[in-house]
Novice: 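Sharing a structure here in structure tokens format.
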Amino acid sequence: MQWTLVIPLKPLARAKSRLSDTAGDGVRPGLALAFAQDTVAAALTCPAVRAVAVVTDDALAGRELAALGARIVPDEPRGGLNAALRHGASAVRSARPESALAALNADLPALRPLELARVLDAAGEFPRAFLPDAAALGTTLLAAAAGEELRPAFGPDSRRRHHTSGAAELRLDDVDSVRQDVDTGEDLRAALALGVGPRTAAAAARLLIPGQ
């Protein structure tokens, strides 16, 4: 099964506010862009991925991610994360009605293509499925097979909400890179320990994070 990923990305100036303990206002936009670039670059080399669509209104992010090979879908609803995902899914399905879809976070800088392939292969066994984040409270990936609506419920406690919506929870070992999103300085250090992509590594080095 070949998947199209839908990745939402808010305007960089408003991204990653919870990283304020680690990165200042002038640094966070570049760090958020680096996360997204490394996420998209890894996703596009995953053998289970046909295409990546990024939903964003940020002009810089749009240019940089399009240069990597992503399709850019303007965030026309401007109604938050779940509205952006529904819009992106609709845009993908309007061109490829048969496409299997997966929503993926934009802040997975340690993403490994083969680990992502394992998650998508497991998701293909269900109409809808999701992968919890490293904290076991949120969600980093939500998948919908061909003919199924995505029905995203991201946000606080999304693991519980996706489970309640009927999506199957994927219980996989050794896919830490797909689960490790980055919202806090502690998350960033955990991602760095896994091994991040080159753009995040360069941005993190400028922050002089201890031990890196």
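Only this structure's heavy atoms are used, side chains among them; waters, hydrogens and symmetry mates stay out.
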Novice: Do the side chains of P109 and V182 get nearer than 4.5 Å, heavy atoms only?
Specialist: yes
Novice: If Ile, Leu, Val, Met, Phe, Trp and Tyr residues are connected whenever their side-chain heavy atoms lie under 4.5 Å apart, and connections chain through other members, are V40 and I72 in the same group?
Specialist: yes
Novice: I'd like to know if V92 and V52 are part of one continuous hydrophobic network [Ile/Leu/Val/Met/Phe/Trp/Tyr, side-chain heavy atoms within less than 4.5 Å].
Specialist: no
Novice: Any idea how F130 and H162 line up, ring-wise: parallel (<30°), tilted (30 to 60°), or perpendicular (>60°)?
Specialist: tilted
Novice: Between A70 and L44, which heavy-atom pair has the shortest distance, and what is it?
Specialist: N-CD1, 4.1 Å
Novice: Check for a donor-acceptor pair, side chain of T140 on one end and backbone N or O of N105 on the other, with a separation under 3.5 Å.
Specialist: no
Novice: Can you see which heavy atom on A191 is nearest to which on V196, and at what distance?
Specialist: O-CG1, 3.3 Å
Novice: Rounded to the nearest 0.5 Å, what separates atom CG in L150 from atom OG in S90?
Specialist: 11.5 Å
Novice: Using a strict threshold of under 4.0 Å (side-chain N to carboxylate O), is an ion pair present between E98 and R50?
Specialist: yes
Novice: Begin with the C-alpha distance, continue with both residues' side-chain angles, and end with the deciding distance and a verdict on side chain to side chain contact (heavy atoms under 4.5 Å, CB included) for I7 and L65.
Specialist: CA-CA 11 Å; I7 298 179; L65 298 174; over 6 Å; no
Novice: Once rounded to the nearest 0.5 Å, what's the spacing between atom CG of L60 and atom CZ of R63?
Specialist: 5.5 Å
Novice: Can you name the residues that form a salt bridge (charged side-chain N to carboxylate O under 4.0 Å, His left out) with R18, not counting sequence neighbours?
Specialist: D183
Novice: From D176 CG over to R112 CZ, what is the distance, rounded to the nearest 0.5 angstrom?
Specialist: 10.0 Å
Novice: Look at the side-chain heavy atoms of Ile, Leu, Val, Met, Phe, Trp and Tyr, link any pair under 4.5 Å apart, and say whether L85 and V55 land in one connected group.
Specialist: yes
Novice: Quick check: are there more than 12 heavy atoms from other residues, nucleotides or ligands sitting under 6.0 Å from CD of E169?
Specialist: yes
Novice: What's the separation between atom NZ in K16 and atom CZ in R28, rounded to the nearest 0.5 Å?
Specialist: 11.0 Å
Novice: Could you tell me whether the side chain of S94 and the main chain of A91 form a donor-acceptor pair under 3.5 Å?
Specialist: yes
Novice: Per the side-chain contact (heavy atoms from CB on, under 4.5 Å) rule, which among L170, L111, L120 passes with V178?
Specialist: L111
Novice: Of the non-hydrogen atoms in A110 and S177, which two are nearest, and what is the gap between them?
Specialist: O-CB, 3.1 Å
Novice: Does a side chain donor of either D38 or T200 reach within less than 3.5 Å of an acceptor in the other side chain?
Specialist: yes
Novice: Does the side chain of V73 come within less than 4.5 Å of V54's, by heavy atoms?
Specialist: no
Novice: Contact between L172 and R118 at the side-chain level, heavy atoms closer than 4.5 Å - yes or no?
Specialist: yes
Novice: Rounded to the nearest 0.5 Å, how far does CD of E149 lie from OG of S165?
Specialist: 12.5 Å
Novice: Taking the side chain as C-beta and beyond, is there a heavy-atom pair between L188 and L207 under 4.5 Å?
Specialist: yes
Novice: Looking only at heavy atoms, which two atoms of L19 and G185 are closest? And how far apart?
Specialist: CD2-N, 3.5 Å
Novice: Report the C-alpha distance between L101 and W3 in whole Å, list the side-chain angles of each, state the deciding distance to 0.1 Å, and finish with yes or no for side chain to side chain contact (heavy atoms under 4.5 Å, CB included).
Specialist: CA-CA 6 Å; L101 294 174; W3 297 79; 5.6 Å; no
Novice: Quick check: do D107 and T39 have side-chain heavy atoms less than 4.5 Å from each other?
Specialist: no
Novice: Does V49 share a hydrophobic cluster with L108, counting links as ILVMFWY side-chain heavy atoms below 4.5 Å and allowing steps through other members?
Specialist: yes
Novice: Which pairs pass salt bridge (Lys or Arg N to Asp or Glu O under 4.0 Å) with one or both residues in residues 125-147, sequence neighbours excluded?
Specialist: none
Novice: Return yes if some donor-acceptor pair links the side-chain N/O of S158 with the main-chain N/O of R161 below 3.5 Å, else return no.
Specialist: no
Novice: Keeping to residues at least two apart or across chains, list the salt bridge (Lys or Arg N to Asp or Glu O under 4.0 Å) pairs with something in residues 64-80.
Specialist: D57-R78
Novice: Could you grab the distance from atom CD of Q180 to atom CG of L192, nearest 0.5 Å is fine?
Specialist: 9.5 Å
Novice: Check for me, please, whether L68 and L5 land in the same ILVMFWY cluster - side-chain distances under 4.5 Å, paths through other members count.
Specialist: yes
Novice: For A145 and F126, which heavy atoms make the closest approach, and how far apart are they?
Specialist: CB-O, 4.0 Å
Novice: Taking the side chain as everything from C-beta on, heavy atoms only, tell me whether D58 gets closer than 4.5 Å to L9.
Specialist: no
Novice: Please examine the side chains of L131 and R179, heavy atoms only from C-beta on, and report whether any two atoms are closer than 4.5 Å.
Specialist: yes
Novice: With a 4.5 Å heavy-atom cut-off, do V27 and R206 have their side chains touching?
Specialist: no
Novice: For the residue pair L142 and P152, what are the closest heavy atoms and their distance?
Specialist: CD2-CA, 3.5 Å
Novice: Mark yes or no for whether R159, through its side chain, and A136, through its backbone, hold a donor-acceptor pair below 3.5 Å.
Specialist: yes
